[in-house]
Colleague: 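Let me begin by handing over the structure; questions about it come next.
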Amino acid sequence: MILSGVELASKIKKEIKERVENLKAKGITPALRCVVSSEDGSTRVYLNSIKRSCDKLGIDFAEVTTDSNNILNDVKTLNEDESVNGIMIMHPVPTGVDEVSVLESLDPFKDVEGRTPQNLGRVLLNVRSFTPCTAQAVMELLEYYNVDLQGANVTIVGRSTTVGKPLSLMMLSKNATITVCHSKTRDLMGKSKQADVLVAAVGRPKMFTADWVKEGATVIDVGINVVNGKVVGDVELDSVSKKASVSKVPGGVGSVTNAILMRNVMKASS
Ligand code: NAP
């Protein structure tokens with residue numbers, strides 16, 4: 001079975017559109033600002049997709065271009081601007097800038113990506129917060145497809161602060177048993193193969209082939225890799241989908257992540 005994120009994303013966006021219209025009727029236009037201090041190969045693609053979603057949903061979007069000398073001041077100005085509801089600090093920041101310090105300076109109530117220490121701490125405590133959008137997207141995709149995490153053996157490959165680490169805590173709160181793997185993990189294949197739910201968040205194209213997956217497992221592919229101009233995930237869809245349920249790339253976790261970001265902007269405005 002192939003799991004799509006498109007249906008879930010459009011369901012979430014339909015709800016957002018209605019709520020944005022209600023907010024606008026009250027004279028409130030949700031506003032998102034992206035702080036861009038440096039760019040890598042994927043920055044423009046990501047910004048364009050966010051802008052497109054904002055335009056479709058009636059959310060006011062703008063980039064704020066800054067540099068290493070001004071980034072902290074610019075974030076402070078956006079924190080204090082009452083017309084701005086959501087702020088994203090685009091990754092990467094320039095060399096020499098401490099990204100954690102920038103995130104610490106961000107108002108947690110405007111942190112729609114769930115990256116501040118306050119919001120990450122709230123994930124640890126399992127209390128309401130802006131959760132990291134991609135980790136939240138994985139949780140909601142699993143729920144949408146009725147995948148029961150209670151007692152399940154979950155293997156997450158990748159331990160980043162935006163995906164693997166928060167996701168492990170969120171899944172633990174749902175009573176799953178979690179194994180978190182990374183580049184130094186021994187017998188990665190064995191740990192992958194034991195999983196009822198396998199999450200691939202590495203960034204290596206088609207790393208997970210059918211040999212790595214248990215028959216009947218659920219595989220969530222978070223990876224986004226560009227190979228010969230084409231977007232592919234970390235999972236080899238054709239072989240793995242013959243023995244397991246697997247989310248597709250594109251049109252899987254990424255679509256839901258984008259919808260959740262939009263929902264957070266709307267929530268920050270309410
Ligand atoms: P990241 O910060 O680069 O983390 C990659 C993780 O993979 C690290 O924990 C690393 O281990 C681990 N790793 C690397 N090579 C490995 C190997 N050979 N075996 C086992 N583990 C290995 O990446 P990220 O930001 O989490 O993103 C991961 C992927 O998800 C990327 O393709 C990214 O584009 C994609 N992504 C998708 C979305 C979405 O919405 N769908 C959102 C964010 C990211 P160490 O910690 O030991 O280095």
Side-chain angles (χ1 to χ4, degrees), residues 1-11 41-42 45-46 49 132-160 162-168 170-171 174 176-260:
M1 184 179 176
I2 296 190
L3 313 181
S4 165
V6 175
E7 241 179 65
L8 173 58
S10 53
K11 182 170 169 264
S42 59
V45 180
Y46 191 37
S49 79
C133 300
T134 306
Q136 183 67 34
V138 173
M139 295 301 286
E140 294 194 26
L141 194 61
L142 288 169
E143 196 184 341
Y144 185 72
Y145 281 101
N146 296 316
V147 178
D148 189 7
L149 288 174
Q150 175 125 325
N153 288 324
V154 176
T155 297
I156 301 172
V157 189
R159 57 173 165 182
S160 69
T162 43
V163 188
K165 280 184 195 164
L167 182 60
S168 66
M170 290 157 87
M171 289 183 153
K174 295 286 180 194
T177 303
I178 324 290
T179 304
V180 182
C181 302
H182 45 80
S183 65
K184 308 292 183 294
T185 296
R186 289 192 202 128
D187 185 24
L188 183 62
M189 192 183 191
K191 290 180 173 65
S192 164
K193 226 173 163 168
Q194 78 189 14
D196 303 315
V197 177
L198 172 66
V199 180
V202 176
R204 291 182 63 145
K206 301 189 181 184
M207 171 175 170
F208 296 85
T209 54
D211 302 350
W212 291 65
V213 175
K214 182 164 98 173
E215 188 87 41
T218 301
V219 182
I220 302 295
D221 190 353
V222 178
I224 297 178
N225 311 284
V226 181
V227 178
N228 299 329
K230 215 178 137 203
V231 176
V232 297
D234 289 351
V235 178
E236 195 187 62
L237 189 80
D238 290 346
S239 66
V240 174
S241 62
K242 290 195 173 75
K243 65 190 296 198
S245 299
V246 55
S247 69
K248 58 183 195 167
V249 177
V253 174
S255 308
V256 183
T257 301
N258 179 287
I260 286 171

Colleague: Give the C-alpha distance, both sets of side-chain angles, the deciding distance and a yes or no for side chain to side chain contact (heavy atoms under 4.5 Å, CB included) between Met171 and Val138.
Modeller: CA-CA 10 Å; Met171 289 183 153; Val138 173; 4.3 Å; yes
Colleague: Which heavy atom of Ala195 sits nearest a heavy atom of Thr155, and at what distance?
Modeller: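 What the structure gives for the nearest pair is CB-OG1, 3.5 Å.
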Colleague: Using the side-chain contact (heavy atoms from CB on, under 4.5 Å) definition, which of the options Thr218, Asp221, Val246 pairs with Leu3?
Modeller: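 The single option meeting the side-chain contact (heavy atoms from CB on, under 4.5 Å) with Leu3 is Thr218.
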Colleague: What's the separation between atom CE in Met207 and atom CE in Met189, rounded to the nearest 0.5 Å?
Modeller: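 Met207 CE to Met189 CE: 10.5 Å, rounded to 0.5 Å.
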Colleague: Measure from the side-chain N and O atoms of Ser160 to the backbone N and O of Val163, and report whether any donor-acceptor pair falls under 3.5 Å.
Modeller: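 Answer holds: yes.
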Colleague: Counting neighbours of NZ on Lys206 that are heavy atoms of other residues, nucleotides or ligands and sit closer than 6.0 Å, is the number greater than 12?
Modeller: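 Open: at most 12 neighbouring heavy atoms sit under 6.0 Å from NZ of Lys206.
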Colleague: Quick check: does any side chain N or O of Lys243 sit under 3.5 Å from a backbone N or O of Ala210, one acting as donor and the other as acceptor?
Modeller: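 Confirmed, Lys243 side chain pairs with Ala210 backbone.
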Colleague: So which atom in Val180 and which in Ser168 form the shortest heavy-atom distance, rounded to 0.1 Å?
Modeller: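 What the structure gives for the nearest pair is CG2-CB, 3.6 Å.
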Colleague: Are Leu142 and Ile220 packed together at the side-chain level, in the sense that at least one heavy-atom pair is separated by less than 4.5 angstrom?
Modeller: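 With C-beta onward as the side chain, the pair touches.
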Colleague: Which atom pairs, donor and acceptor, lie under 3.5 Å between side-chain atoms of residues 227-236 and protein residues at least two apart or in another chain?
Modeller:
from, atom 1, to, atom 2, distance (Å)
Asp234, OD1, Gly203, N, 3.2
Asp234, OD1, Arg204, N, 3.0
Asp234, OD1, Asn225, ND2, 3.0
Asp234, OD2, Val202, N, 2.7
Asp234, OD2, Gly203, N, 2.9
Glu236, OE1, Ser239, OG, 2.6

Colleague: Looking only at heavy atoms, what is the nearest atom pair of Val222 and Ala201, with distance?
Modeller: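 Here Val222 and Ala201 meet closest at CB-CB, 3.9 Å.
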Colleague: Is there a salt bridge (charged side-chain N to carboxylate O under 4.0 Å, His left out) between Lys214 and Asp196 once you walk through the steps?
Modeller: CA-CA 7 Å; Lys214 182 164 98 173; Asp196 303 315; 2.6 Å; yes
Colleague: Check whether any side-chain N or O of Lys174 sits under 3.5 Å from a backbone N or O of Met139 as a donor-acceptor pair, and report yes or no.
Modeller: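 Checking the backbone N and O of Met139 against the side chain of Lys174, no donor-acceptor pair under 3.5 Å is found.
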Colleague: Can you tell if the side chain of Thr134 reaches within under 4.5 Å of the side chain of Thr162, non-hydrogen atoms only?
Modeller: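 No, too far: nothing below the 4.5 Å cut-off.
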Colleague: Side chains of Leu149 and Val154: does their closest heavy-atom pair fall under 4.5 Å?
Modeller: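 Leu149 vs Val154: side chains touch.
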Colleague: The test is side chain to side chain contact (heavy atoms under 4.5 Å, CB included); show your working for Thr185 and Lys191 and say whether it passes.
Modeller: CA-CA 9 Å; Thr185 296; Lys191 290 180 173 65; 3.8 Å; yes
Colleague: Work out which heavy atom in Glu140 is nearest to a heavy atom in Leu8; give both atom names and the distance.
Modeller: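 Heavy-atom minimum between the residues: O-CD2, 3.6 Å.
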Colleague: With sequence neighbours excluded, what pairs up with Thr177 under the side chain to side chain contact (heavy atoms under 4.5 Å, CB included) test?
Modeller: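 Per chain and number, Thr177 pairs via side chain to side chain contact (heavy atoms under 4.5 Å, CB included) with Asn153.
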Colleague: May I ask you to decide if Leu237's main-chain N or O and Ser241's side chain share a donor-acceptor pair within less than 3.5 Å?
Modeller: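 Side chain of Ser241 to backbone of Leu237: a pair is present.
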Colleague: About how many Å separate CD of Glu7 and OH of Tyr144, when rounded to the nearest 0.5 Å?
Modeller: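 Answer for the OH-CD pair, Tyr144 versus Glu7, is 3.5 Å.
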Colleague: To check you understand the geometry: which heavy-atom pair defines the closest contact between Val240 and Phe208, and what is its length?
Modeller: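 Closest approach of Val240 to Phe208: CG2-O, 3.5 Å.
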Colleague: Hey, does Ile156 have a side-chain heavy atom less than 4.5 Å from the side chain of Cys181?
Modeller: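 Not in contact.
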Colleague: CD/Gln136 to CG/Leu141 distance, rounded to the nearest 0.5 angstrom?
Modeller: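 Here the interatomic distance stands at 11.5 Å.
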Colleague: To check you understand the geometry: which heavy-atom pair defines the closest contact between Ala244 and Val219, and what is its length?
Modeller: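 Looks like CB-CG2, 4.1 Å.
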